Chemist: 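Structure in structure tokens, see below.
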Amino acid sequence: MSGPALRQANAHYAIHESAYGEAEELLTLLQRVIQLGEWEQGMQVADVLAEHFEARTLAHAHEEENGLYQEIVAEHPELSVVIATLTHDHDLMRQLVDEVRALLQSTGTDTEDVLEQAVNRFVTLMWINQNHSRAEEKMVGSL
Ligand SMILES: [Fe+2]
Ligand SMILES: [Fe+2]
């Protein structure tokens, strides 16, 4: 979605919610598959979930940093600290996806351990994403 749409609080909220809902479903599926001891299937679902975060949440973050955030700082320098904090959230989410990627590619580690560590990263990622989205929506709504 283009820059101007990201300025509309409702449209921006809808983007966040749709990506979050899909990630939540995939994470629930991943946890269920792990409970059943289906490690290979778990690795596949974890890969799909990492891909989902890259294609949706991280792509959205990239778009914000290259458009919306720059425009806001130019128009409202007083929001620079807020933008820096939101950008830091993006960096933490990127780092978590990178860590999941490294885990999924690691060799010699027990698959069950890999999946447990990946789920921990995903849960943290969802928590940061949720808090980040609310803070960002509040800022967009205040413009
Ligand atoms: Fe964002
Ligand atoms: Fe956003």
Side-chain angles (χ1 to χ4, degrees), residues 1-36 38-107 109 111-143:
M1 189 158 294
S2 65
L6 294 180
R7 281 179 164 259
Q8 293 164 19
N10 288 343
H12 201 145
Y13 172 77
I15 294 169
H16 289 166
E17 283 305 280
S18 124
Y20 189 88
E22 287 169 23
E24 207 171 30
E25 278 177 26
L26 284 166
L27 181 56
T28 302
L29 174 65
L30 176 59
Q31 287 165 322
R32 196 168 299 155
V33 164
I34 290 171
Q35 250 172 12
L36 294 172
E38 303 281 353
W39 314 130
E40 283 316 307
Q41 207 188 337
M43 292 296 278
Q44 287 171 16
V45 178
D47 183 64
V48 170
L49 184 51
E51 219 171 270
H52 177 273
F53 274 112
E54 286 160 354
R56 302 288 296 275
T57 308
L58 297 187
H60 176 73
H62 180 80
E63 192 186 347
E64 288 173 338
E65 289 173 16
N66 287 285
L68 180 71
Y69 284 8
Q70 291 177 16
E71 292 163 22
I72 291 174
V73 169
E75 291 164 27
H76 305 277
E78 74 279 10
L79 291 176
S80 295
V81 175
V82 177
I83 293 292
T85 307
L86 293 171
T87 304
H88 183 60
D89 291 341
H90 290 171
D91 287 338
L92 290 174
M93 293 194 278
R94 288 184 187 107
Q95 192 183 326
L96 284 162
V97 173
D98 284 350
E99 286 180 16
V100 169
R101 282 291 179 213
L103 278 165
L104 297 182
Q105 282 157 19
S106 63
T107 50
T109 316
T111 310
E112 189 179 351
D113 286 345
V114 165
L115 287 171
E116 190 189 321
Q117 291 178 52
V119 166
N120 288 342
R121 263 48 166 217
F122 283 133
V123 168
T124 309
L125 190 42
M126 297 288 287
W127 186 87
I128 294 174
N129 193 20
Q130 180 83 302
N131 283 279
H132 171 81
S133 295
R134 298 297 89 86
E136 195 177 84
E137 287 152 13
K138 196 173 157 197
M139 178 198 65
V140 169
S142 76
L143 295 174

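Indexing begins at 1, ligand by ligand and atom by atom, following the structure's order. Worth saying up front: this structure is predicted, and the values here are computed from it rather than measured. What you see below is based on every heavy atom in this structure, not just the backbone, and it leaves out hydrogens, waters and symmetry mates.
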Chemist: Can a donor-acceptor pair be found between the side chains of Glu136 and Tyr69 at a distance below 3.5 Å?
Modeler: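 Side-chain D/A pair, Glu136 to Tyr69: present.
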Chemist: Between the side chains of Gln8 and His12, is a donor N or O closer than 3.5 angstrom to an acceptor N or O?
Modeler: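 Side-chain D/A pair, Gln8 to His12: absent.
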Chemist: Just the protein N/O/S atoms under 2.8 Å from the Fe ion (ligand 1), please, no waters.
Modeler: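 Protein N, O or S atoms closer than 2.8 Å to the Fe ion (ligand 1): Glu64 OE1, His90 NE2, His132 NE2, Glu136 OE2.
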Chemist: I'd like to know if the side chain of His16 pairs up with that of Gln130 as donor and acceptor (distance under 3.5 Å, no hydrogens or angles considered).
Modeler: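 Result is no, nothing qualifies.
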Chemist: If you measure only the distance, is there a donor-acceptor pair under 3.5 Å linking the side chains of His62 and His90?
Modeler: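 No, no side-chain donor-acceptor pair sits under 3.5 Å.
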Chemist: Report all side-chain donor-acceptor pairs from residues 73-85 shorter than 3.5 Å, counting only partners two or more places apart or in another chain.
Modeler:
unit_1: Glu75; atom_1: OE1; unit_2: Arg7; atom_2: NH2; d: 3.0
unit_1: Glu75; atom_1: OE2; unit_2: Arg7; atom_2: NH2; d: 2.9
unit_1: His76; atom_1: ND1; unit_2: Glu78; atom_2: OE2; d: 3.4
unit_1: Ser80; atom_1: OG; unit_2: Pro77; atom_2: O; d: 2.7
unit_1: Thr85; atom_1: OG1; unit_2: Val81; atom_2: O; d: 2.9

Chemist: Between the side chains of Glu40 and Gln44, is a donor N or O closer than 3.5 angstrom to an acceptor N or O?
Modeler: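 The answer is no; no qualifying pair exists.
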